[in-house]
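Reminder, nothing fancy here: chain letters follow the sequence lines and each chain counts from 1.
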Protein chains: 2
Amino acid sequence: MAFTQRSEPARAAILAAARRRFASDGYERTTIRSVASDAGVDPSMVMRYYQNKEGLFSAAVDIDLHLPDVTGVPREEIAGLLARHFVKRWEGELADEAITVLLRSAITNPAAAERMRTVFGQQVLGLVRMVTGDTPDSAMRAGLISTQVLGIALTRYILQLPPVVALDPETLIELFTPVLDGFLTGPLAAATVARSS
Amino acid sequence: MAFTQRSEPARAAILAAARRRFASDGYERTTIRSVASDAGVDPSMVMRYYQNKEGLFSAAVDIDLHLPDVTGVPREEIAGLLARHFVKRWEGELADEAITVLLRSAITNPAAAERMRTVFGQQVLGLVRMVTGDTPDSAMRAGLISTQVLGIALTRYILQLPPVVALDPETLIELFTPVLDGFLTGPLAAATVARSS
DNA sequence: CGGTGTTGCCAACGCTTGTTGACAAACAAC
DNA sequence: GTTGTTTGTCAACAAGCGTTGGCAACACCG
């Protein structure tokens with residue numbers, strides 16, 4: 001019942017295959033059999049190492065945004081840094097599929113959605129607090145930033161809207177920096193948030 | 001093989017149930033059996049009226065953004081009008097579930113993703129052209145707007161990030177109007193779009 | 001009234017899914 | 001070298017899926 005180092009290659013192969021499948025197919029369409037096949041392994045091995053499909057998913061989606069430390073960075077440069085961070089993280093041949101896995105799965109799988117709320121709630125909020133201090137506005141600012149960041153991820157990597165895909169990374173960064181800056185440090189609306197449930 | 005008016009209530013009930021299911025569960029998790037059960041109808045009836053699951057989906061997702069006509073509206077008011085339009089359209093008890101259906105399904109279903117590209121490409125682009133004229137930038141501006149609009153829909157209605165859900169509609173409109181305005185009429189990045197595939 | 005086509009219900013098909021258990025091979029420990 | 005545990009293979013299960021065809025009840029048209 002305990003796993004040795006001998007089976008680690010198999011477990012790693014399974015995990016890698018699972019991440020690829022969850023990223024491209026989402027939770028429901030990803031089958032244990034297909035993951036096992038991709039990993040060159042018997043389906044029952046997947047069960048033995050990850051208990052069930054939900055366990056496999058949890059292991060595959062254990063993710064971190066790796067937001068940069070912005071202490072000491074001048075306030076007016078932070079938004080640009082943030083924009084660059086996200087774009088760079090998600091681009092490239094060997095790109096980190098984390099966001100795709102998480103986003104694609106979070107749409108239909110409640111557990112993934114919950115994790116998404118946690119990840120963006122805590123990690124982005126933490127960064128905002130580094131900038132604004134612990135004001136009551138922080139959560140709202142973090143939410144607004146998430147809105148734009150996830151909007152890009154959705155339209156560029158998942159839906160692949162042509163004009164959004166066509167933007168080269170530097171242009172993308174340049175275009176969204178002012179928006180993020182506005183959400184991060186700019187004035188908020190006159191109306192206050194009535195009730196937060 | 002032709003359907004009479006007598007079966008119209010049944011067909012309408014099926015369609016309504018399908019829209020609700022596709023909206024809340026996505027394409028894969030929605031089963032013909034559950035739709036039939038919701039509609040108080042036998043599963044085979046669903047097949048008879050919509051051929052197969054794909055046909056049912058196509059019928060359920062035949063959607064229009066109903067973007068307002070902005071001819072004659074002063075340029076500086078258009079962004080606000082647009083923000084208000086989307087928010088109002090997606091709020092409320094008897095809200096139009098169109099965006100949820102489409103978004104949730106487009107994540108895993110290629111046909112839905114294609115429709116999404118068409119809807120946002122053509123309809124938003126059309127509106128942008130009413131404002132800017134037929135400049136080469138129009139498609140890019142439409143894409144940027146889609147980015148923010150869909151980002152809101154995703155975080156507020158699908159992922160339900162708490163700080164985004166907490167915003168009341170008027171505040172939401174107020175906050176996003178300047179962003180949309182920037183994308184719609186503001187200057188674009190210095191870098192030009194290299195190649196559009 | 002009789003005939004024709006539409007509607008609705010029922011049972012079943014073939015298939016895929018997640019999951020389980022049995023059993024042989026490979027390894028590790030003493 | 002024997003014992004015990006871990007790894008891998010194979011076959012099968014129960015459940016759920018989309019889908020199909022048959023058949024009774026009904027409505028309409030002559």
Please determine whether any donor N or O and acceptor N or O are separated by less than 3.5 Å between the side chain of B:Arg48 and the base of C:dG8. yes
Length of the line joining B:Met47:CE and D:dG21:P, which is rounded to integer Å: 11 Å
Send over the distance from B:Arg29 CZ to D:dC17 P, rounded to a whole Å. 11 Å
For A:Ser7 and A:Arg11, test the side chains for any donor-to-acceptor distance below 3.5 angstrom and give the result as yes or no. yes
Nucleotide D:dC17, atom C1' - distance to CD of A:Glu28 in whole Å: 14 Å
Would you please confirm or rule out a distance under 4.0 Å between OP1 or OP2 of C:dG5 and any side-chain N or O of B:Thr4? no
Value in whole Å for how far the P atom of D:dT7 lies from CG of A:Asp42: 14 Å
Between A:Tyr49 and D:dT6, is there a side-chain N or O to OP1/OP2 distance below 4.0 Å? no
Mind checking B:Ser34 for me? I need base, sugar-phosphate or nothing, with any heavy atom below 4.0 Å counting as a touch. nothing
Between A:Thr30 and B:Ala10, just flag the one whose closest nucleotide in DNA chain C comes earlier from the 5' side. B:Ala10
Provide, to the nearest angstrom, the distance between the CE atom belonging to B:Met45 and the C1' atom belonging to D:dA25. 12 Å
Please pick, from D:dT9, D:dG18, C:dT19, the nucleotide with the shortest atom-to-atom distance to any side-chain atom of B:Ile32. D:dG18
Rounded to whole Å, the CG-P distance (B:Asn52 to C:dC15) equals 18 Å
Side chains of A:Leu167 and A:Arg156, heavy atoms from C-beta outward: is any pair under 4.5 Å? yes
Have a look at B:His66 and tell me which of B:Gln123, B:Arg89, B:His85 forms a side chain to side chain donor-acceptor pair (under 3.5 Å) with it. B:Arg89
Would you say the side-chain atoms of B:Asp42 and B:Ser44 include a donor-acceptor pair closer than 3.5 Å? yes
Expressed in angstrom and rounded to an integer, what is the separation of B:Phe57 atom CZ from D:dG18 atom C1'? 17 Å
Given D:dT19, D:dG21, C:dG18, which nucleotide is nearest the side-chain atoms of A:Arg33? C:dG18
Could you work out which one of C:dT6, D:dG8, C:dC9 sits closest to the side chain of A:Ser7? D:dG8
From the options C:dT7, D:dT19, D:dT7, select the nucleotide whose nearest atom is closest to the side chain of B:Phe3. C:dT7
So do B:Tyr50 and B:Ile32 actually touch side chain to side chain, heavy atoms under 4.5 Å? no
Specify the separation, in whole Å, of atom CZ of B:Arg6 and atom P of D:dC26. 11 Å
